[in-house]
Amino acid sequence: MTLSGYDFVIWDWNGTLLDDAWVCLEIVNGMLSRRNLPTMDLKRYREIFDFPVADYYRRAGFDFSREPFERLADEFIGEYLARMGECALHDAVEETLARVERSGGRNVVLSASNHGTLETALRGAGIRERFLDIQGVEDHFAVSKIDMGHALLGRHAVDAGRAVLVGDTTHDHEVAVSLDVDSILVAGGHQSSDRLRSTGAPVAGSIAALFPA
Ligand SMILES: [Mg+2]
């Protein structure tokens, strides 16, 4: 399964285009250590990471009866914003985006991260101009990726049968199903290949495999 033949490619950002699982792991391990809780390795992280993230925090060992989830999430986000500049794009991202364009396809981003943060990160990575449109969370209210995806599709003349969502989590597959578009999941992000395969969606080993030269 490759991106060839798709007219509209909806990219997830964290873990899919941006290689940031390692820094999320370092941050969460720091938070666990400061509370004298056991840390985890990347394999374990990819087994437990999930949406909604509160479930993942619980599996990581945090106790919401001692400390509210919101405070933990704020601590994580503060550290993440300070460190996201350390993260690079996954291999072959720029070439793959260019190949989609050359084949007549359009690239867009759909992300659960803050819209302004997303804009800044894409500019910092030097790939903002590769995207016709980007959609992140516009305000402090929790808006689902499904609702944002409908808004994104609604702004463009999209033939859903020729659109595909590329993500790194089982949630991305669920979003694609709700939007009635195909999905392709990429390993090397925030969840294990086995979990991605459990969705039944095609799983690519890397970004490079999505659009071979
Ligand atoms: Mg992701």
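Both counts, for ligands and for their atoms, begin at 1 and track the order of listing. Numbers here simply count residues along the sequence, with the first being 1.
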Which of parallel (below 30°), tilted (30 to 60°) and perpendicular (above 60°) describes Phe76 and Tyr57? perpendicular
Going from CD on Glu26 to CG on Leu42, what distance comes out if it is rounded to the nearest 0.5 angstrom? 10.5 Å
Please list, chain by chain and in numerical order, all residues satisfying ring-ring contact (aromatic ring centres under 6.0 Å, His included) with Phe211, sequence neighbours excluded. none
Mind checking what makes ring-ring contact (aromatic ring centres under 6.0 Å, His included) contact with Phe64, not counting sequence neighbours? Phe69
Pairs of donor and acceptor atoms involving the side chains of residues 103-112, under 3.5 Å and at least two apart or interchain, shall be tabulated with distances.
residue	atom	partner	partner atom	Å
Ser103	OG	Arg99	O	3.4
Ser103	OG	Val100	O	2.9
Arg106	NH2	Asp7	OD2	3.0
Arg106	NH2	Ala157	O	3.0
Asn107	OD1	Trp11	NE1	2.9
Asn107	ND2	Leu97	O	3.1
Ser111	OG	Ser113	N	3.0
Ser111	OG	Ser113	OG	2.7

Of the options Arg46, Arg44, Glu47, which is the one that meets Ser192 in a side-chain hydrogen bond (donor to acceptor under 3.5 Å, both in side chains)? Glu47
Proximal protein heteroatoms (N, O or S) of the Mg ion (ligand 1), under 2.8 Å: Asp12 OD2, Asn14 O, Asp168 OD1
